[in-house]
Amino acid sequence: MDCALCGGSRFGRLWDCGEFSFVRCLRCGLAQQNPQSEPEAVHSRYDAEYLAYEEANQAAYRDLELLALADLGLQAAAAPAFASAAARGSKPRVLDVGCATGALLDALRDGGWDPQGVEISAAQADYGRKRYDLPIHAGTLESAAFPEGSFDLVHASHLIEHLNDPASFLDEAGRVMKGDGLLILTTPNASGLQARLFGPAWRSAIYDHLYLFSTRTLSSLLASRGFAVAALVTWGGWARGLRPAFLKRPLDRAAKRFGFGDVMAIMARRAE
Ligand SMILES: [Zn+2]
């Protein structure tokens, strides 16, 4: 398989994780599993068992995501979309791809957005429809086949690292976005402190993650699909439970300030 970012075909060993391993593209540096499992094998794992986990953690994930959106400056960036929607007597539209239980969409609706979800797990999509009364398409973004230019904001948290073909995902996200729309992605940061320290034992170096982006490789992938990065934040210097625990507060603070956090969120627009 050629590199999803640059099309390169030469890879160097990065991390051996036992049953699977990560390599690094020698041309662009993108970390990836290669070969990769087929999409169907990946999808089939997001079943009812996964729902119990997501349901238990949905409030915590929602709150983290809301903080990331605030840090990215979403409110100011989306102000024009709110103004033009209000002029039409409607609301700006947000699409959350991989919306899980829908807890974040529910909060965004409270903030004045008109929500739409996409979720690969039928059990979670069903949960979100019933619990939050949200419109959620069960399937992939491509299978939803939204009309071109439908959304003011396309959001995907902890999704892009799971996809075999992140470039096509960005193309489809760009297609369903309005011309002046916003794209926000959240994903583990392979250039963060914990990835560098722990290598193959990093908590995000798992079988489900087909790609591990650094701030640089994710920015390059976005640029290669016609997006321009408007804001980037990282957070999480030291995971809860890691020892020594006294490092958590200073490292969390420093990670946010200097950009070596464990997770990154990136906001992009269509390039001019
Ligand atoms: Zn490459």
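Each residue takes its place number in the sequence, starting with 1. Counting starts at 1 for both ligands and their atoms, following the listed order.
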Nearest heavy-atom pair of E142 and S168: which atoms, and what distance?
OE2-O, 4.1 Å

By residue and atom, what protein N/O/S atoms are less than 2.8 Å from the Zn ion (ligand 1)?
C3 SG, C6 SG, C25 SG, C28 SG

Under 3.5 Å, sequence neighbours excluded: what are the donor-acceptor pairs made by side chains of residues 2-25?
residue	atom	partner	partner atom	Å
D16	OD1	G18	N	3.3
R24	NH1	G29	O	3.4

What class does the angle between the rings of Y53 and Y61 fall in, given that below 30° is parallel, 30 to 60° is tilted and above 60° is perpendicular?
tilted

Show the nearest heavy-atom pair for residues Q116 and F151, with the distance to one decimal.
CB-CE2, 3.7 Å

What closest approach, in Å, do M267 and L72 show between heavy atoms, and which atom pair accounts for it?
CE-O, 3.4 Å

Check whether Q32 reaches the backbone of N34 with its side chain - one donor and one acceptor, N or O, closer than 3.5 Å.
no

